[in-house]
Amino acid sequence: MKVTVKVPATTANLGPGFDCLGLALPVYNEITVEETVMPGSGLEINILDDSNTYDILSIPKDENNLAYKAIELLYSYIGQSVSDIKITIRTNIPVTRGLGSSASVIVGGLVAANELLGRPADNNVLLSIASEVEGHPDNVTPALFGGFCLSSLEDDGSVAFSKIDWPENWKLTLIIPDYELDTLIARSVLPENISISDAAFNIRKCAMLIDAVYKKDSELLKKSLKDKLHQPYRRKLINGFSELSELLENKEGILGCVISGAGPSILVISVDDSFEKIKNDVKEIFNALNVDCDIRTFEIENQGTIVI
Ligand code: HSE
């Protein structure tokens, strides 16, 4: 028996919501988990990239694979150990670009294995295991449920979360460069401690962002897409982020730009088709920096992970 699931890409942080905000995008990885027919055949992992676009060589094909690690924890939750299993990952989500490819693999492996086992775990358990493997819940929550999610990894390992309606006319443009940035590196540049004034800045911007989404208030969102916890430190790793922020300042219908997750992709949020009007200027910035990038505009993905 085998189960295949489809899991969306995600963009996390949205500026001030470091490690707690994320939303799903309509680009999908497919993950298949199957019990192998031959007992004793052990673990087999296949990675397929139909588009041949993304560097999949960095995805481990042994016990270090994140889908496998998550599946191991699920089996351990039900008091069993994984024996003979085959995992196939068909990738469409760019790898190490800040678009939640690792979260999709973790969530996909978990949901597919949970189905195979007859659904012993509910969504709260799956989310808690996924967050343990990923280290933070901001990508895995929207990967599982779709939409715009606020999530908090609690001290007991559970995840408190909320899915909030995203205004339909707020479009999401991702600028996806052709270079990779490992999340571990992007986290290593962050300081151990921050000042109380920077913490207070982020608390008010994050609260304002949630209020803006509830009220569908574009002006409020524009004021809220600011951050002092991670972007100032990561800026030097993200080619074109400073130049783009400057270009977008005060452009009509542009609500802001933020680093997508740990980068290097950049997320621009805009009203209706406002981004189209400045797309060529944005391309010029990256051309001038000799950075090849893919620029793609999306609507939010609201379905989350589904079994196919
Ligand atoms: N919140 C995470 C970070 C997202 O910014 O490091 C990347 O996984």
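Because the structure is predicted, anything quoted here is derived from the model rather than measured.
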A.B. asks: Can His136 and Leu153 be said to form a side chain to side chain contact (heavy atoms under 4.5 Å, CB included), step by step?
C.D. replies: CA-CA 7 Å; His136 34 84; Leu153 183 54; 5.7 Å; no

A.B. asks: Side chains of Glu34 and Thr32 only: does a donor on one sit below 3.5 Å from an acceptor on the other?
C.D. replies: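 Side chains of Glu34 and Thr32: no pair found under 3.5 Å.
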
A.B. asks: If you count the non-hydrogen atoms of other residues, nucleotides and ligands that lie under 6.0 Å from CD in Glu44, is the total more than 12?
C.D. replies: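 Counting other residues, nucleotides and ligands, CD of Glu44 exceeds 12 neighbours.
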
A.B. asks: Run the side chain to side chain contact (heavy atoms under 4.5 Å, CB included) check on Phe201 and Asp227 step by step: do they pass?
C.D. replies: CA-CA 8 Å; Phe201 178 92; Asp227 163 75; 5.6 Å; no

A.B. asks: Would you say CG of Asp155 has more than 12 non-hydrogen atoms from neighbouring residues, nucleotides or ligands within 6.0 angstrom?
C.D. replies: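 Check fails, neighbour count at 12 or below.
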
A.B. asks: Cluster question for you: counting only ILVMFWY and a side-chain heavy-atom cut-off of under 4.5 Å, with indirect links fine, are Ile185 and Phe241 together?
C.D. replies: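 Looking at the clustering, Phe241 is in the same group as Ile185.
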
A.B. asks: Ignoring hydrogens and angles, tell me if any N or O in the side chain of Asp138 forms a donor-acceptor pair with the backbone of Ala12 under 3.5 Å.
C.D. replies: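 Between the backbone of Ala12 and the side chain of Asp138 there is no qualifying donor-acceptor contact (under 3.5 Å).
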
A.B. asks: Check whether any side-chain heavy atom of Asn114 lies under 4.5 Å from a side-chain heavy atom of Leu74, and answer yes or no.
C.D. replies: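 Side chain of Asn114 against side chain of Leu74, heavy atoms only: contact under 4.5 Å found.
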
A.B. asks: Roughly how far, to the nearest 0.5 Å, is the CD1 atom of Ile254 from the OG atom of Ser218?
C.D. replies: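 It is 11.5 Å, given to the nearest 0.5 Å.
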
A.B. asks: Partners of Glu115 by salt bridge (charged side-chain N to carboxylate O under 4.0 Å, His left out), sequence neighbours excluded?
C.D. replies: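 Testing Glu115 for salt bridge (charged side-chain N to carboxylate O under 4.0 Å, His left out), a comparison that skips the adjacent residues, returns Arg119.
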
A.B. asks: So, Asn13 side chain and Gly261 main chain: donor-acceptor pair closer than 3.5 Å or not?
C.D. replies: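 Side chain of Asn13 to backbone of Gly261, a donor-acceptor pair under 3.5 Å: yes, one is there.
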
A.B. asks: For the residue pair Lys6 and Tyr28, would you count it as a cation-pi contact if the rule is NZ or CZ under 6.0 angstrom from the ring centre and within 45 degrees of the ring axis?
C.D. replies: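 Because its charged atom sits under 6.0 Å from the ring centre and within 45° of the axis, Lys6 does stack over Tyr28.
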
A.B. asks: Do Phe145 and Ile210 land in one hydrophobic cluster if side-chain heavy atoms of ILVMFWY residues count as linked below 4.5 Å?
C.D. replies: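 In one cluster: no.
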
A.B. asks: Give a yes or no on whether the backbone of Glu154 and the side-chain of Ser158 come within a donor-acceptor separation of less than 3.5 Å.
C.D. replies: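 No.
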
A.B. asks: Check the hydrophobic clustering (I, L, V, M, F, W, Y; side-chain heavy atoms under 4.5 Å; chains of links allowed) and say if Ile285 and Val268 are grouped together.
C.D. replies: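 Same cluster.
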
A.B. asks: CD1 of Ile196: more than 12 outside heavy atoms within 6.0 angstrom?
C.D. replies: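 Incorrect, the count does not exceed 12.
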
A.B. asks: Please tell me if the side chains of Asp178 and Cys293 come closer than 4.5 Å, counting only heavy atoms from C-beta onward.
C.D. replies: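 A side-chain contact is absent here, since even the closest heavy-atom pair is not under 4.5 Å.
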
A.B. asks: If I take atom NZ from residue Lys251 and atom SG from residue Cys257, how far apart are they, to the nearest 0.5 angstrom?
C.D. replies: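 Interatomic distance, Lys251 NZ to Cys257 SG, rounded to 0.5 Å: 12.5 Å.
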
A.B. asks: After noting the C-alpha distance and the side-chain angles of Asp62 and Tyr68, does the key distance pass the side chain to side chain contact (heavy atoms under 4.5 Å, CB included) rule?
C.D. replies: CA-CA 8 Å; Asp62 55 16; Tyr68 179 73; over 6 Å; no

A.B. asks: Ignoring hydrogens and angles, tell me if any N or O in the side chain of Ser265 forms a donor-acceptor pair with the backbone of Arg97 under 3.5 Å.
C.D. replies: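 Side chain of Ser265 to backbone of Arg97, a donor-acceptor pair under 3.5 Å: yes, one is there.
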
A.B. asks: Does anything in residues 272-295 form a side chain to side chain donor-acceptor pair (under 3.5 Å)? List the pairs, not counting sequence neighbours.
C.D. replies: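 For residues 272-295: none.
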
A.B. asks: Under a 4.5 Å cut-off applied to non-hydrogen side-chain atoms, are Tyr233 and Pro191 in contact?
C.D. replies: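 When only atoms from C-beta onward are counted, Pro191 and Tyr233 do touch, with a gap below 4.5 Å.
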
A.B. asks: For the residue pair Phe286 and Ile266, establish whether any side-chain heavy-atom pair is separated by less than 4.5 Å.
C.D. replies: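 Result yes, sub-4.5 Å side-chain heavy-atom pair found.
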
A.B. asks: Enter the distance from Ile176:CD1 to Ser260:OG here, rounded to the nearest 0.5 Å.
C.D. replies: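 Going from the CD1 atom of Ile176 to the OG atom of Ser260 covers 8.0 Å.
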
A.B. asks: Side chain of Lys222, backbone of Asn250: donor and acceptor closer than 3.5 Å?
C.D. replies: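 Looks like no, no N/O pair under 3.5 Å.
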
A.B. asks: Is atom NZ of Lys223 surrounded by more than 12 heavy atoms (other residues, nucleotides or ligands) closer than 6.0 Å?
C.D. replies: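 No, the 6.0 Å shell around NZ holds no more than 12 heavy atoms from other groups.
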
A.B. asks: At their closest point, which heavy atom of Arg235 faces which heavy atom of Ser245, and how far apart are they?
C.D. replies: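 Between these two residues, the closest heavy atoms are NH1-OG, 4.3 Å.
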
A.B. asks: Just by distance, do the side chain of Asn202 and the backbone of Lys228 share a donor-acceptor pair under 3.5 Å?
C.D. replies: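 Yes: the side chain of Asn202 pairs with the backbone of Lys228.
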
A.B. asks: Judged by atom type as modelled, is there a donor-acceptor pair below 3.5 Å linking the side chain of Ser104 to the main-chain atoms of Ser101?
C.D. replies: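 Flag set: sc Ser104 to bb Ser101 pair under 3.5 Å.
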
A.B. asks: Looking at Asn65 and Pro60, would you say the former's side chain and the latter's main chain have a donor-acceptor pair under 3.5 Å?
C.D. replies: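 Checking the backbone N and O of Pro60 against the side chain of Asn65, a donor-acceptor pair under 3.5 Å is found.
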
A.B. asks: Are side-chain heavy atoms of Thr91 and Ile59 found at a separation under 4.5 Å?
C.D. replies: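 Thr91 vs Ile59: side chains touch.
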
A.B. asks: Within a strict 4.5 Å, meaning less than it, do heavy atoms of the Ile295 and Val282 side chains meet?
C.D. replies: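 They are in side-chain contact.
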
A.B. asks: Using a 4.5 Å cut-off on heavy atoms from C-beta on, say whether the side chain of Leu209 contacts that of Pro16.
C.D. replies: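 Touching, per the 4.5 Å side-chain cut-off.
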
A.B. asks: Minimum heavy-atom separation for Leu21 to Cys206, with atom names?
C.D. replies: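 Here Leu21 and Cys206 meet closest at CD1-SG, 4.1 Å.
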
A.B. asks: Would you say CG of Asp165 has more than 12 non-hydrogen atoms from neighbouring residues, nucleotides or ligands within 6.0 angstrom?
C.D. replies: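 No, because the 6.0 Å sphere around CG of Asp165 holds 12 heavy atoms or fewer from other groups.
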
A.B. asks: Does any non-hydrogen side-chain atom of Leu25 lie less than 4.5 Å from one of Leu172?
C.D. replies: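 Touching, per the 4.5 Å side-chain cut-off.
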
A.B. asks: What are the two closest non-hydrogen atoms of Glu301 and Gln303, and how far apart are they?
C.D. replies: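 Closest approach of Glu301 to Gln303, heavy atoms only: OE1-N, 3.0 Å.
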
A.B. asks: For residues Ile203 and Met208: do they belong to one hydrophobic cluster (side chain heavy atoms under 4.5 Å, members Ile, Leu, Val, Met, Phe, Trp, Tyr)?
C.D. replies: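 Different clusters.
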
A.B. asks: Find the distance between CG (Leu117) and OH (Tyr77) and round it off to the nearest 0.5 Å.
C.D. replies: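 Between atom CG of Leu117 and atom OH of Tyr77 there are 12.0 Å.
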
A.B. asks: Test Trp166 against every option in Tyr214, Phe148, Phe298 by the ring-ring contact (aromatic ring centres under 6.0 Å, His included) rule and name the one that passes.
C.D. replies: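 Answer after filtering Tyr214, Phe148, Phe298: Phe148.
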
A.B. asks: Applying salt bridge (Lys or Arg N to Asp or Glu O under 4.0 Å) to Asp19 and Arg187, what does each step give before you reach the verdict?
C.D. replies: CA-CA 11 Å; Asp19 278 2; Arg187 288 182 88 87; 2.8 Å; yes

A.B. asks: When rounded to the nearest 0.5 angstrom, what distance separates CZ in Arg90 from CD in Glu30?
C.D. replies: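 Reported value, rounded in 0.5 Å steps: 6.5 Å.
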
A.B. asks: Looking at Ala143 and Val7, what are the two nearest heavy atoms and their distance?
C.D. replies: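 Result for this residue pair: O-CG1, 3.8 Å.
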
A.B. asks: What are the two closest non-hydrogen atoms of Ser102 and Leu66, and how far apart are they?
C.D. replies: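 Looking at all heavy atoms of both residues, the shortest contact is CB-CD1, 3.5 Å.
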
A.B. asks: Which one of Val133, Leu126, Leu73, Leu144 satisfies the side chain to side chain contact (heavy atoms under 4.5 Å, CB included) criterion with Leu110?
C.D. replies: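 Among Val133, Leu126, Leu73, Leu144, the one meeting side chain to side chain contact (heavy atoms under 4.5 Å, CB included) with Leu110 is Leu126.
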
A.B. asks: Just to verify, which of Thr173, Leu225, Thr11, Leu23 counts as forming a side chain to side chain contact (heavy atoms under 4.5 Å, CB included) with Ile269?
C.D. replies: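 With Ile269 as partner, Thr173, Leu225, Thr11, Leu23 yield a single side chain to side chain contact (heavy atoms under 4.5 Å, CB included), made by Leu225.
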
A.B. asks: Which atom pair, heavy atoms only, marks the closest approach of Lys205 to Lys226?
C.D. replies: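 What the structure gives for the nearest pair is CB-O, 3.9 Å.
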
A.B. asks: Atom CD1 of Ile71 and atom CG of Leu116: how far apart are they, to the nearest 0.5 Å?
C.D. replies: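 Here the interatomic distance stands at 8.5 Å.
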
A.B. asks: Would you say that more than 12 heavy atoms from the other residues, nucleotides or ligands in this model lie under 6.0 Å from the NZ of Lys215, or not?
C.D. replies: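 12 or below, so no.
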
A.B. asks: With no hydrogens and no angle check, is any side-chain donor or acceptor of Ser128 less than 3.5 Å from a backbone partner on Gly157?
C.D. replies: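 Side chain of Ser128 to backbone of Gly157: a pair is present.
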
A.B. asks: Is it true that Leu267 and Leu244 fall in one hydrophobic cluster, defined by side-chain heavy atoms closer than 4.5 Å?
C.D. replies: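 No.
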
